[in-house]
Asks: 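Have a look at this one before I ask anything.
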Amino acid sequence: MRAGSCLLWLCLFGYALGAPAATTASIPADPLDSSRWRYIVAEHFRDARIVFDERVQVFAPGAGEDGRATPVFLRISGLEDVRHIRVLADAAAPGAVLDYFPGAAPAARDFRLGFGLRLAQATPLRAAVLTGDGVWHIGGRWIDAQGGGCAAPSMTASDAAEPGAGPGIEAQVWPRPEGYQRLKFRIRQPASDSESVPAIDRISVSDSAGEPRARLVPGKSLATTAVFTLDIAGREPLHIEVRDVRAQRYSKDVAPAARAASP
C-alpha cells in the first residue's frame with residue numbers, strides 16, 4: 001500500500017514538473033532577452049494572447065542621467081479599440097509602473113503618453129496595450145539607469161517641494177489632429193510617509209459634461225515629480241482630479257489653447 005502511494009506521488013510530482021513546460025512553451029521569446037520575462041508573463045499576462053508589435057514604441061534615454069526622474073514617452077500607432085495600457089519595468093518595484101485606461105471615447109489611433117520614472121538599475125521597460133479582441137500588443141527597450149547611493153539628487157524632485165507649495169495641479173491643453181487634444185499636467189504631491197514613494201493613488205480626466213476621458217493608476221516607480229503628457233479624445237475643456245493615498249482630492253479645470261501641439 002505504501003509502495004502504491006509512493007508511485008502515485010511520484011507520478012503526480014512528475015506531472016507537476018512537466019505542466020509549466022507545456023504552459024511556458026507558448027510564451028513568445030523576449031526580444032529584450034530578459035531573465036525575468038517568464039515571471040512578467042505569469043504575473044501580468046497569464047492565459048492571455050501576447051504579440052510583440054512594432055506599433056507600440058517606447059522612447060527613453062539609453063542611459064538615464066537622473067535615476068529619480070527618467071523621462072519615458074510611449075507612442076501607439078494604428079491600434080484600434082485600445083482598452084488598457086500597462087507599463088512595466090522588469091527591475092522596478094513589484095506591479096505595474098503605470099496603468100492607463102481610456103474613457104468613454106476610444107484612445108486615438110496615434111496615441112502618446114509621457115511620464116517620469118524612478119530607476120536605480122538597468123532594466124527592460126515595456127508598454128503592453130490591450131485591444132478589444134483580448135490581445136496584448138507589447139513593445140519595449142532597455143534603459144541603462146545610473147542609479148545607486150551616489151546618484152546626484154533630482155532637481156525636479158526639489159522643485160516639487162517648494163516652501164509653502166501645497167498639493168495642486170498645473171495643466172495645459174493643445175488641439176491635435178482628427179479631433180483630439182494633448183494634455184500636459186504636473187502634480188505637486190502631498191508629503192508621504194516615505195519621500196521615495198509617490199503619494200498619488202489615482203488620476204481621472206473628464207470633459208465638461210462629466211464624461212470620463214482617461215484614468216491613470218500610478219505605481220510605486222513613478223518619479224516623485226509627477227508630470228504626464230497624454231492625448232485625449234475631444235476638444236472641450238477638461239477636468240483633472242487627483243486622489244492621494246490619504247483619500248484627499250484636488251482638481252483643476254483647463255481649456256484648450258489656441259495653437260496646436262507639435263507631433
Side-chain angles (χ1 to χ4, degrees), residues 12-64 67-76 79 82-101 113-149 151 194 196-198 200-202 215-224 245:
L12 291 174
F13 183 70
Y15 176 80
L17 287 178
T23 302
T24 57
S26 60
I27 298 176
D30 180 19
L32 301 180
D33 196 24
S34 169
S35 61
R36 288 192 50 80
W37 170 237
R38 293 187 184 278
Y39 297 98
I40 294 293
V41 173
E43 182 179 357
H44 298 280
F45 310 115
R46 182 180 294 275
D47 300 326
R49 184 183 170 197
I50 302 169
V51 296
F52 291 100
D53 197 326
E54 294 182 351
R55 293 174 293 181
V56 180
Q57 298 176 295
V58 177
F59 300 94
R68 299 186 187 182
T70 300
V72 176
F73 201 70
L74 312 181
R75 179 174 180 178
I76 293 93
L79 285 177
V82 171
R83 303 292 182 87
H84 183 184
I85 299 174
R86 170 160 286 187
V87 184
L88 302 164
D90 290 22
V97 169
L98 178 69
D99 282 298
Y100 165 88
F101 302 90
L113 173 63
F115 55 92
L117 179 64
R118 292 184 300 114
L119 288 175
Q121 58 182 307
T123 182
L125 181 66
R126 311 175 194 273
V129 181
L130 177 65
T131 48
D133 56 3
V135 178
W136 286 97
H137 304 258
I138 301 179
R141 61 161 298 161
W142 272 89
I143 299 179
D144 186 12
Q146 303 295 318
S194 171
S196 63
V197 178
I200 299 172
D201 181 55
R202 187 180 64 191
R215 180 166 60 90
L216 297 95
V217 182
K220 294 182 179 180
S221 298
L222 281 189
T224 305
V245 293

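Fair warning: this is a prediction, and the values are worked out from it, not measured in the lab. Atom set for the values below is all heavy atoms of this structure, side chains included, hydrogens, waters and symmetry mates excluded.
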Asks: With a 6.0 Å cut-off (strictly less than), is the heavy-atom count around OH of Y39, excluding the residue itself, greater than 12?
Replies: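 No, not enclosed.
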
Asks: Side chain to side chain contact (heavy atoms under 4.5 Å, CB included) between F115 and L216: does it pass, once the steps are laid out?
Replies: CA-CA 11 Å; F115 55 92; L216 297 95; over 6 Å; no

Asks: Answer yes or no: does atom CZ of R49 have more than 12 heavy-atom neighbours from other residues, nucleotides or ligands under 6.0 Å?
Replies: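 It does not: R49 CZ has 12 such atoms or fewer within range.
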
Asks: How long is the gap from CG on L113 to CZ on R75, to the nearest 0.5 Å?
Replies: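 Nearest 0.5 Å value for the CG-CZ distance: 14.0 Å.
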
Asks: Please examine the side chains of P61 and T70, heavy atoms only from C-beta on, and report whether any two atoms are closer than 4.5 Å.
Replies: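 Side chain of T70 against side chain of P61, heavy atoms only: contact under 4.5 Å found.
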
Asks: Using 0.5 Å steps for rounding, measure from the CG atom of D133 to the CG atom of L130.
Replies: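 Answer rounded to 0.5 Å: 8.0 Å.
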
Asks: Side chain to side chain contact (heavy atoms under 4.5 Å, CB included) for R36 and L88? Distances and angles first, verdict last.
Replies: CA-CA 12 Å; R36 288 192 50 80; L88 302 164; over 6 Å; no

Asks: Let me confirm one number: the CD1-OG1 distance from I85 to T131, rounded to the nearest 0.5 Å.
Replies: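 Output value for this atom pair is 11.0 Å.
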
Asks: Which value, rounded to the nearest 0.5 Å, describes the distance between L79 atom CG and R55 atom CZ?
Replies: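 Here the interatomic distance stands at 4.5 Å.
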
Asks: Just jot down the side chain to side chain contact (heavy atoms under 4.5 Å, CB included) partners of R202, sequence neighbours excluded, or say none.
Replies: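 With neighbours one apart ignored, the set is S204, R215, R243, R249.
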
Asks: Mind running side chain to side chain contact (heavy atoms under 4.5 Å, CB included) on L74 and V56 for me, showing each step along the way?
Replies: CA-CA 7 Å; L74 312 181; V56 180; over 6 Å; no

Asks: Among all residues two or more places apart in sequence or in another chain, which pass the salt bridge (Lys or Arg N to Asp or Glu O under 4.0 Å) test with R83?
Replies: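 Partners of R83 by the salt bridge (Lys or Arg N to Asp or Glu O under 4.0 Å) criterion, ordered by chain and then number, come out as D81.
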
Asks: Could you check whether atom CG of D33 has more than 12 heavy atoms from other residues, nucleotides or ligands sitting under 6.0 Å from it?
Replies: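 12 or below, so no.
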
Asks: Do you know which two heavy atoms are closest between A89 and T123, and how far apart they sit?
Replies: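 Between these two residues, the closest heavy atoms are C-OG1, 3.6 Å.
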
Asks: Measuring from L117:CG to L98:CG, what's the distance to the nearest 0.5 Å?
Replies: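 With rounding to 0.5 Å, CG (L117) is 9.5 Å from CG (L98).
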
Asks: State the NE2-CG distance between H44 and D99, to the nearest 0.5 angstrom.
Replies: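 Between H44 NE2 and D99 CG, I get 8.5 Å after rounding to 0.5 Å.
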
Asks: Under a 3.5 Å distance rule, please check whether W142 uses its side chain to pair with a backbone N or O of L32 as donor and acceptor.
Replies: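 Such a contact is found between W142 side chain and L32 backbone.
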
Asks: Keeping the roles fixed (side chain from W37, backbone from D90), state whether a donor-acceptor pair exists under 3.5 Å.
Replies: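 No.
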
Asks: Mind telling me whether F59 and F73 have parallel, tilted or perpendicular rings, with 30° and 60° as the class edges?
Replies: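 Rings of F73 and F59: tilted, 30 to 60°.
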
Asks: List the steps and the verdict of side chain to side chain contact (heavy atoms under 4.5 Å, CB included) for F45 and I27.
Replies: CA-CA 10 Å; F45 310 115; I27 298 176; over 6 Å; no

Asks: Verify, without hydrogens or angle tests, whether R141 (side chain) and A60 (backbone) share a donor-acceptor contact under 3.5 angstrom.
Replies: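 Between the backbone of A60 and the side chain of R141 there is a qualifying donor-acceptor contact (under 3.5 Å).
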
